[in-house]
Structures are given as structure tokens and as C-alpha cells.
S.K.: 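Would you mind keeping the following structure in view while I ask a few things?
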There are 2 protein chains.
Amino acid sequence: MIKRTKGVTISQVADAAGVARSSVSRAFTRPDMLSPETVDRILRAAETLGYVPNHTARALSTGRHGNIGLIVPDIANPFFPPLIQAAQTEADRSDFCVFLGNTAESPKQEDKLVGRFAGQVEGLVLASSRLSDERIRAHARQLPLVLINRDIEGIPRVLIDSSAGVRQAVEHLANLGHRRIAYVSGPAASWSNKQRRSAIRAGTTARGMELSIIPTPAPTYQAGREAVASVLQTGASAVVAFDDLTAQGILTGLAERNIVVPRDFSIIGCDDVLGAMTFPALTSVSNHSADVGRIAISMLLDILRSRSVADVRYALDTKLVIRDTTAQAPGR
Amino acid sequence: MIKRTKGVTISQVADAAGVARSSVSRAFTRPDMLSPETVDRILRAAETLGYVPNHTARALSTGRHGNIGLIVPDIANPFFPPLIQAAQTEADRSDFCVFLGNTAESPKQEDKLVGRFAGQVEGLVLASSRLSDERIRAHARQLPLVLINRDIEGIPRVLIDSSAGVRQAVEHLANLGHRRIAYVSGPAASWSNKQRRSAIRAGTTARGMELSIIPTPAPTYQAGREAVASVLQTGASAVVAFDDLTAQGILTGLAERNIVVPRDFSIIGCDDVLGAMTFPALTSVSNHSADVGRIAISMLLDILRSRSVADVRYALDTKLVIRDTTAQAPGR
DNA sequence: CTGTTAGCGCCTTCAA
DNA sequence: TTGAAGGCGCTAACAG
């Protein structure tokens, strides 16, 4: 049985130091308003009593609690951990704590989390939100919001613009002689998915290539693996996947059918989070997940500081990273 | 420019409903103490005014804010996301929010985070803490603590007991004819690492096998990859890695040297988080990361509810999962 | 520079 | 069943 120390309050410190409560408060928040000796005496008293400012009381009084929220659809997707980590580090630099929420790809859960967080955070970052524009706008009326990979006018947002990278991917495949390719798509509600899909469509159309779209329930290893059957039915010789995780699943699905990559089939991922960790090393569209996390938080903190919301749209460029899963189309 | 709605307070609702503030409070916390009609009237008024209870004020008054903290060393390590997700889900079931902290394997950062969280959470779960026993004990005096994969008497803890699984791993290798193996170890401050290392040592000693220990700076893909040189120098024909990520790195390091797994070399991971996602599919010691997250949170919530700390030690058993990275020792 | 005085929004005895 | 009143711990004018 462990006994716990109780909360020492500002009054006890004030008594011990022989000053008013407000002076104690100042010693911690605006020491420059007090004489150095007084500050010293107070701090010393606080130290011996083991006083720690009560965060909640301070928050009630100031209306600021130094917390921000970060909501992601799937923390287990390797795209997010670096983003989360960077966000955390950036928040830390300004002495903010971050609440993390995982929606498991469910808009309903996302709505619930936003509501739950709203009361205890000063602002929120929604990464790859699966909510409708209306819901997001509604939430933005309640508290400062920054979006990641979601493009809604009037709401600050930071985007990974995959179009350039995806265009290069199509070009790369075309140069290798592929004429018929497939896109294994991501969540319907995903802005990134829409963006990637239309970039591919534009690229293939421009080059007279044939394109098939294969839907998946969610961007996971398993979904990729299960998509392989459909992919093969299209007669495609190469595939671009919504993300690396899906691509990795496809890699396995192909291996299970003894289809050798890249000899028999080429594959390109997006996000480049698996780096060279797959076998063969995955060709992928570059990633900025950490940058995006850092930037989103820094934007949010700016907004909190300035108390004003500019309509910022921060887009990061991408490019194709060629590794070992793409090669000449078979039979050429 | 988006305008934000201001906070409606209990008083406004009270006025609108023509009741006292305390009644409004009761309508939300103890509706059974009020007549159904009154509750109804209050709720209706609250609804139209868009009243939402102020979490901070409530917390100050009750001393409970319904938040718990979870601190992990590296969110990007695939061992943790399922743990975090399960923890979150479990907390959610009891209407608790979770603060997530990432220490980047740094004890200093961990200490800092605990301090920062302490004021705003009712309890804390420390997963794979890198802190000293003393620091942990000190923190446990401040607030309810539950440990994951750290065995300190007197502090509630839930452990993945890898010894059985690791013992099976050694046995498996022995049966395949390996006589000389290496253990690529994890962080020095890791309880799991110590446990796995001694289980391997016990197993190899009992069978008269030779064992080399290879240190690494941190359990990462990169560290595993770089450890390969040292591993090969030992003349071992098989290796057990601290975790799957390290094992995956080793897999790459071997591939880079044209050493074919499992024909030329066998490898076993721990945690089984990569499942069949590596190539070849990794033999590994089973994992309970999600269970452990769920159980830790549920233990913490129990403690918070009962206001008492029993000395619980919850250990989960493990076993070897054989896949494709282990085979007969070469030359036999 | 420092003390006094009000709250922040809610919960919770204590009476009625 | 309901109201009145005090307080949770701290901050923020306003005086002095």
C-alpha cells in the first residue's frame, strides 16, 4: 500500500512565506513583477512544502489549459506514428500536452472524440479526417481546428500533395512499357485517395493507358492482400496502391500466387513509410508525415497565440522514390 | 474568418429554466434527485441554449477530470500501436480520455512527461519504462501508476512473460542442430530485455550451446541491420532478436550480404508484431501487446474506482510461433 | 512592488 | 424535491 502526497495549495505557501496568495501566484507566472528577494522566499517555501501549481484551477481561471488534441484514423498505420511523434515534439516545445485520439476509421467515433476533447483542449488537429465537410465545419465553429490531408476552404490545412509524385509513378510505369495498370484505392472519405486517384486517371488517360480502380475497405496490409485477386482479373501488369501498407499486402498476395515482383509484376506504393523494409524494397511516392505533423501543430499554436484564423493552405510536394518493385513490363 | 460560439454556463440554463443553478447541476449529474418534469425542462433549456458542462470547472470542483495518461518509449515501434489502441478503447468504455506521451527512449524525457501529465490525469500507465526503480517509486507516490513490462514490487504491473516463448525458441533452434547462437539485445533499461536475455542464457547453458550477446543502441530496424556484422563475427548460425523490428533489420542485413534465410541462417524475433509481413515470414515469440494495454487500463480504472492499490502482478504467457525464418543449421 | 477583492463554472452540503 | 451558500485553487484587475 503506497500513500500519496496531498495537494499543497497556494495559500499554504503564502502563509509559509508570509505573503499574499496573489504574490505566490505571481512568483510562478510573472516573477518579474516581484522583487527578486520575494520571489526567492516564495519559491523556497514552495519547494519545502512540495507545492505544485494546480493545472485545473489555473485552467478554470485563465481559460487556457495548454492542451491540444490530435485525432488520427489508425494509429497502427505506419504513416501516423512519425506524424504523431513530430506533433508531440512540436507541442512540447511550447509546453503543450497532446491528447491523442484514434477513430479506427469510423466517422462516428471521430465525432465522439472531437466532442470529448473539445472541452479540454484549446485546439484540435484532425489528421486524414473521415468526417463530412459539414461536420468538420461545425466543429471548427466550436474550437480552433487544423486539418491534415483534408482540403476545406476557410479552415487551416496542411496537405501532402501527391499529384506530382503519382504523376511520376505513372510516367515511370509507362516508360517501362506497362499499358494496363490498376489503382488499389483507399478509403472513400479520404482526400488523399481522391487526389491520388484523379492524378492517376489523368496520367493514364494522357498516355492512352488503361486503368482499373480496385476498391478496398480500409488501407491495411490485409486489404491489400485480398485485393490481389481483383487486380489480377483486370489483366494489369502493374499496380499503384493507395499507401505502402496496402502495397505490402499486395506484395504478399502476389508472392502467394508465385508471381515474382518485379519480373512478372510491378508495384508502387504511396507515403514511403516502409522504406526499404519490404522485400523487394518498395518503390513509393515520397512522404512528409513527420513534417506535416510538425507544421500542423505549429500552425495551430500560431492560431492560439494570435487568436485569429487565417485561411492557410500549406501544401507539400512529393516525388517518386524508385526502388526494386518496378521493372520492364513482362513480355517486352 | 470563422466565429466561435462562447461557453454557455449553468446559470444561463438555470435562468432559462427558472430553477436554481444547483438544480441544473443535478439534472446532469444526479437526475434521480429531481422530479422528471424538472429534469426535462432543464435539459430542454440546456439543449436550446447549447449548454455543455465545463469539464475544467467540474474537475476543479470534484477533483476528478476523467483523464489518464499513457507513456511509451517509441510510438513508431509496431509493438505499441496495438497497445495504445486497446488502451484507448478500454478507457473509452469508462468515459476516460487518454493522454499519450512518447519518450523517444529517453529517461529524462519520460520524467518530464510524467511531471507534465501528473497535474491533469488521475492515473498513469507507464509502458516499458526506461526510468530507474527509484524514479518510478517516486512517481507512484504522487499518483496511481500501472506498469507494463516492468516488474517492481508494490506497484501494479502487467507483464508479458517471454521466458516460456524464448525457452521454446532456444529449444527449436537446438532441435534444428544449431550449436552456436547470438542474442541481439534491446535497451539496457528494458525489463523485457533482461528477461529475454536470461531466458536465452538459461536455455543455451542447459543444452551446452554457445551464446553471444550483441548490444544495440535501441530496438530499431536500423540497429538490427547494423548488428549483422557483429553477429556474423561470432560464428553463430542463428540469432534471436530482442524484438521483431530488430529481427527485420537483421533480415535485411543478411540479405545485403547474400546470406539466404533460413537456408544459411536462422532468425527468431520477439513480440510477433510483424506477423507474416516480413519476407521470409518471421518466426517469433507471441505477443500480447493489445491485451496488455487493455488490462493495464482496466487495472488503473479499478484502482481509481476503489481508491486503493493492491500489489497486483499480472503475467501473460508466451509461446513460439514458427514461420519461415528458421531451418536446419547449415552443414548438417 | 504587494495586498485586497472578485470571480472562473460547477458541485455539494445544509436547510427548507 | 428544490434553493441558498460556500468553496475547489488560482488569476486578474484595482488599489495602495
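Just so it is clear: chains get the letters A, B, ... in the order the sequence lines come, proteins before strands, and each one is counted from 1. This structure is a prediction, so every number in the text was calculated from the model and none was measured.
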S.K.: Check whether any side-chain nitrogen or oxygen of Thr9(B) sits under 4.0 Å from OP1 or OP2 of dG9(C), and answer yes or no.
M.R.: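 For dG9(C), OP1/OP2 do not have a side-chain N/O of Thr9(B) under 4.0 Å.
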S.K.: Could you state the atom-to-atom distance from CZ of Arg21(A) to C1' of dG3(C) in whole Å?
M.R.: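 So the CZ-C1' distance, Arg21(A) to dG3(C), works out to 11 Å.
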S.K.: Rounded to whole Å, how long is the line connecting atom CD of Gln12(B) with atom P of dC8(C)?
M.R.: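 Rounded to the whole Å, the gap is 11 Å.
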S.K.: Flag the pair Asp311(A) and Arg157(A) as a salt bridge only when some basic side-chain nitrogen lies within less than 4.0 angstrom of an acidic carboxylate oxygen.
M.R.: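 Salt bridge flag = yes for Arg157(A) with Asp311(A).
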S.K.: Whole-Å distance between dG9(C) P and Gln120(A) CD?
M.R.: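 Checked: the CD to P distance equals 17 Å.
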S.K.: Starting at atom CG of Asp40(B), determine the distance to atom P of dT2(D), rounded to an integer number of angstrom.
M.R.: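 Checked: the CG to P distance equals 12 Å.
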S.K.: If you only use heavy atoms from C-beta on, which nucleotide in dT12(C), dT11(D), dT4(C) is closest to the side chain of Ser22(B)?
M.R.: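 For the Ser22(B) side chain, the nearest candidate turns out to be dT12(C).
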S.K.: Check DNA chain D against residues 42-68 of chain B and give the residues with a non-hydrogen atom under 4.0 Å, in numerical order.
M.R.: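 When residues 42-68 of chain B is checked for heavy atoms under 4.0 Å from DNA chain D, the hits, listed by number, are Leu60(B), Ser61(B).
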S.K.: Can you check whether Thr38(B) has a side-chain N or O nearer than 4.0 Å to OP1 or OP2 of dT2(D)?
M.R.: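 Yes, within the criterion.
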S.K.: Can you check whether Ala17(B)'s main-chain N or O pairs, donor with acceptor, with Arg41(B)'s side chain at less than 3.5 Å?
M.R.: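 It does hold such a pair.
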S.K.: With a 3.5 Å distance limit and no angle check, can you tell me whether Thr89(A) reaches the backbone of Gln85(A) through a side-chain donor-acceptor pair?
M.R.: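 Such a contact is found between Thr89(A) side chain and Gln85(A) backbone.
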S.K.: Among dT4(C), dC11(C), dT2(D), which nucleotide has an atom closest to any side-chain atom of Arg26(B)?
M.R.: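 Side chain of Arg26(B) sits closest to dT2(D).
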S.K.: Taking atom P of dT12(C) as reference, at what distance in whole Å does atom CD1 of Ile10(B) sit?
M.R.: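 Taking atom P of dT12(C) as the reference, CD1 of Ile10(B) is at 11 Å.
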S.K.: Has Ser23(A) got a side-chain N or O lying under 4.0 Å from the OP1 or OP2 atom of dG3(C)?
M.R.: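 Indeed, a polar side-chain atom of Ser23(A) lies that close.
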S.K.: To the nearest Å, how far apart are Arg41(B) CZ and dT2(D) P?
M.R.: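 Roughly 8 Å, once rounded to whole Å.
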S.K.: Using atom CG of Asp32(A) as one end and atom P of dT2(C) as the other, report the distance to the nearest whole Å.
M.R.: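 Result: 12 Å.
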S.K.: Does Asp111(B) come within less than 4.0 Å of Lys108(B), counting only side-chain N to carboxylate O?
M.R.: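 Looking at Asp111(B) and Lys108(B), the cut-off is not met.
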S.K.: Expressed as a whole number of angstroms, how long is the span from Arg30(A):CZ to dA12(D):P?
M.R.: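 Spelled out: CZ on Arg30(A) to P on dA12(D) is 8 Å.
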S.K.: With sugar-phosphate meaning primed atoms plus P, OP1 and OP2, does Thr29(B) contact a base, only sugar-phosphate, or nothing at under 4.0 Å between heavy atoms?
M.R.: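 If one applies the 4.0 Å heavy-atom cut-off, Thr29(B) turns out to touch the sugar-phosphate alone, with no base involved.
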S.K.: Nearest nucleotide by nearest heavy atom, which residue falls closer to the 5' end of DNA chain D, Gly18(B) or Ser11(A)?
M.R.: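 Mapping each residue to its closest nucleotide by heavy atoms, the 5'-most match is Gly18(B).
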S.K.: Taking only Lys NZ, Arg NE, NH1 and NH2, and the carboxylate oxygens of Asp or Glu, determine whether Arg93(A) and Glu90(A) approach each other closer than 4.0 Å.
M.R.: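 Glu90(A) and Arg93(A): salt-bridged.
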S.K.: Which one of Ile75(A), Ile71(A), Leu70(A), Leu113(A) satisfies the side chain to side chain contact (heavy atoms under 4.5 Å, CB included) criterion with Asn102(A)?
M.R.: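 It is Ile75(A); the other options fail the test.
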S.K.: Looking at every strand, decide which applies to Val24(A) at a 4.0 Å heavy-atom threshold: base, sugar-phosphate, or nothing.
M.R.: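 The residue Val24(A) makes no contact with any strand.
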S.K.: Rounded to the nearest 0.5 Å, what separation is found between the CG atom of Leu143(A) and the CD1 atom of Ile68(A)?
M.R.: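 Those atoms lie 11.0 Å apart.
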